[in-house]
Novice: 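Pasting a structure below so you can have a look.
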Amino acid sequence: MKASADVAVVGGGVIGLALARELSSRGFDVVLLERGRTGEEASSAAAGLLTAQSDALAPSPFFALARESRDLYPDWSDALRQETGLDIGWRPTGVLRCGTPDFLERFRWQR
């Protein structure tokens, strides 16, 4: 293991790996710390969902950040495929949520 680095990223899931890749591409010397195998913890549990809108309760700065991040994902996915030759399987299929009228009222503000 390296004795020093500019940045230490803790966690080798999708987010940690993406962050380490981005920092490295910007010239930082990065070390990634992961207790197990990469992509086997939260990344596998999330099932690949990007659900900025279905998880939001009301407009907020976090909601805006989540939507912007989601909107950047297609280009990031394509760049990763071009760099590695691997298709990460991103598909813009959406999320279907079923519920009562009260449940649906929660999302009315997004219209």
Novice: Working to the nearest 0.5 Å, report the span between OG of S77 and CG of D75.
Specialist: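 Rounded to the nearest 0.5 Å, the OG-CG separation comes out at 9.5 Å.
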Novice: Who pairs with D87 by salt bridge (Lys or Arg N to Asp or Glu O under 4.0 Å), at least two apart in sequence or on another chain?
Specialist: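 For D87 the salt bridge (Lys or Arg N to Asp or Glu O under 4.0 Å) partners, ignoring immediate neighbours, are R91.
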Novice: Could you work out, with side-chain contact (heavy atoms from CB on, under 4.5 Å) as the rule, every residue matching A20, not counting sequence neighbours?
Specialist: V9, V30, L32
Novice: Can you name the nearest heavy-atom pair linking Y73 to I88, along with the distance?
Specialist: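 Where Y73 meets I88 most closely, the heavy atoms are OH-CD1, 3.5 Å.
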Novice: What residues form a salt bridge (Lys or Arg N to Asp or Glu O under 4.0 Å) with R81, not counting sequence neighbours?
Specialist: D78
Novice: By the salt bridge (Lys or Arg N to Asp or Glu O under 4.0 Å) test, which pairs, at least two apart or in different chains, include something from residues 12-24?
Specialist: R21-E83, E22-R26
Novice: D71: which residues meet the side-chain contact (heavy atoms from CB on, under 4.5 Å) condition with it, sequence neighbours left out?
Specialist: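 Counting only residues at least two positions away or on another chain, D71 forms no side-chain contact (heavy atoms from CB on, under 4.5 Å).
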Novice: Is L86 reachable from W90 through a run of hydrophobic residues whose side-chain heavy atoms are each under 4.5 Å from the next?
Specialist: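 Per the 4.5 Å side-chain linkage, W90 and L86 are not co-clustered.
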Novice: Ignoring hydrogens and angles, write down the donor-acceptor pairs under 3.5 Å from the side chains of residues 56-63, residues two or more places apart or on other chains.
Specialist:
unit_1: S60; atom_1: OG; unit_2: F62; atom_2: N; d: 3.4
unit_1: S60; atom_1: OG; unit_2: F63; atom_2: N; d: 3.0

Novice: Would F28 end up clustered with L17 when hydrophobic side chains under 4.5 Å apart are linked, directly or stepwise?
Specialist: yes
